[in-house]
Asks: 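Pasting in a structure now, in structure tokens, and then I'll have a few things to ask.
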Amino acid sequence: MDERELAWLRRCVELAGEALEAGDEPFGSVLVDGSGTLRAEDRNRVAGGDATRHPEFELARWAAEHLSPAERAAATVYTSGEHCPMCSAAHAWVGLGRIVFVASSAQLSEWLAAWGRPPGPVAALPAGTVAPGVTVEGPVEELVPAVEELHRRFAERAGG
Ligand SMILES: [Zn+2]
């Protein structure tokens, strides 16, 4: 993990923070093309009532619309939290390349359990299990505490 990749992951954490401030769940993601250029970024937007508004899903759709198959295959999606099965599937279906995440779905599940929060409605399968053809890297331990803190704040708020 070089400095450039860490910078993309820090941007993901920043987007996750923006999501939290806006009342959404703290997840953020960026799509970087094969030449290392940022092409798209988004954050979680589920507060409006559509629980599928995950950034990784939005980026997969954006890629399908704006990038050629070769460009998609060469792109990397960086994300604050590992793709859920829905997003892993979308990522694989549109033929995107590597995934790099800060915190794993397993870590998030452990945190939620420890904080007394209910698990999500979808199994926390690893992205690489759902999308076996995709190279998946993470967790990136040095940024995990920042992501855990955002989720802790969200859980506190959700717990009332
Ligand atoms: Zn997702």
Side-chain angles (χ1 to χ4, degrees), residues 5 8-33 38-67 72-73 75-115 117-141 143-144 146-155 157-159:
E5 294 210 288
W8 294 129
L9 290 171
R10 283 196 198 93
R11 176 59 186 152
C12 294
V13 176
E14 202 171 83
L15 287 163
E18 286 175 20
L20 181 71
E21 296 308 319
D24 297 294
E25 293 180 10
F27 294 95
S29 313
V30 305
L31 189 156
V32 176
D33 69 19
L38 174 69
R39 298 296 294 272
E41 61 179 27
D42 205 0
R43 62 167 179 80
N44 179 284
R45 300 177 190 278
V46 301
D50 180 354
T52 70
R53 297 289 303 278
H54 297 186
E56 305 94 325
F57 199 12
E58 301 291 337
L59 291 181
R61 287 211 160 116
W62 182 91
E65 202 172 325
H66 296 95
L67 301 179
R72 282 177 241 157
T76 298
V77 172
Y78 298 89
T79 187
S80 64
E82 184 176 6
H83 287 45
C84 75
M86 172 184 75
C87 296
S88 299
H91 185 102
W93 279 121
V94 305
L96 279 165
R98 187 165 154 255
I99 289 172
V100 183
F101 63 82
V102 175
S104 69
S105 298
Q107 286 174 311
L108 178 59
S109 297
E110 283 169 25
W111 298 336
L112 293 176
W115 300 328
R117 299 303 306 157
V122 173
L125 298 174
T129 299
V130 179
V134 176
T135 301
V136 183
E137 291 171 45
V140 177
E141 295 297 345
L143 295 177
V144 166
V147 170
E148 182 179 6
E149 172 61 14
L150 292 173
H151 283 285
R152 194 191 57 72
R153 283 168 53 197
F154 183 82
R157 186 193 291 165

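Numbering of ligands and ligand atoms starts at 1, following listing order.
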Asks: When P26 is tested against each of L20, V147, N44 for side chain to side chain contact (heavy atoms under 4.5 Å, CB included), which residue passes?
Replies: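 So, applying the side chain to side chain contact (heavy atoms under 4.5 Å, CB included) to P26 and each of L20, V147, N44, only L20 qualifies.
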Asks: Determine, for R98 against E5, whether the closest basic-nitrogen to carboxylate-oxygen distance falls under 4.0 angstrom.
Replies: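 So R98 pairs with E5 through a salt bridge.
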Asks: My understanding is that only residues two or more places apart in sequence, or in another chain, count here; which of them pass salt bridge (charged side-chain N to carboxylate O under 4.0 Å, His left out) with E149?
Replies: R152
Asks: Hey, are R153 and E21 close enough for a salt bridge, meaning a charged N less than 4.0 Å from a carboxylate O?
Replies: yes
Asks: What residues form a side-chain hydrogen bond (donor to acceptor under 3.5 Å, both in side chains) with E18, not counting sequence neighbours?
Replies: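 With sequence neighbours excluded, E18 shows a side-chain hydrogen bond (donor to acceptor under 3.5 Å, both in side chains) to no residue whatsoever.
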Asks: Taking salt bridge (charged side-chain N to carboxylate O under 4.0 Å, His left out) as the test, write out the residues that go with E110, two or more places apart.
Replies: none
Asks: Is any protein N, O or S atom closer than 2.8 Å to the Zn ion (ligand 1), and if so, which?
Replies: H54 ND1, C84 SG, C87 SG
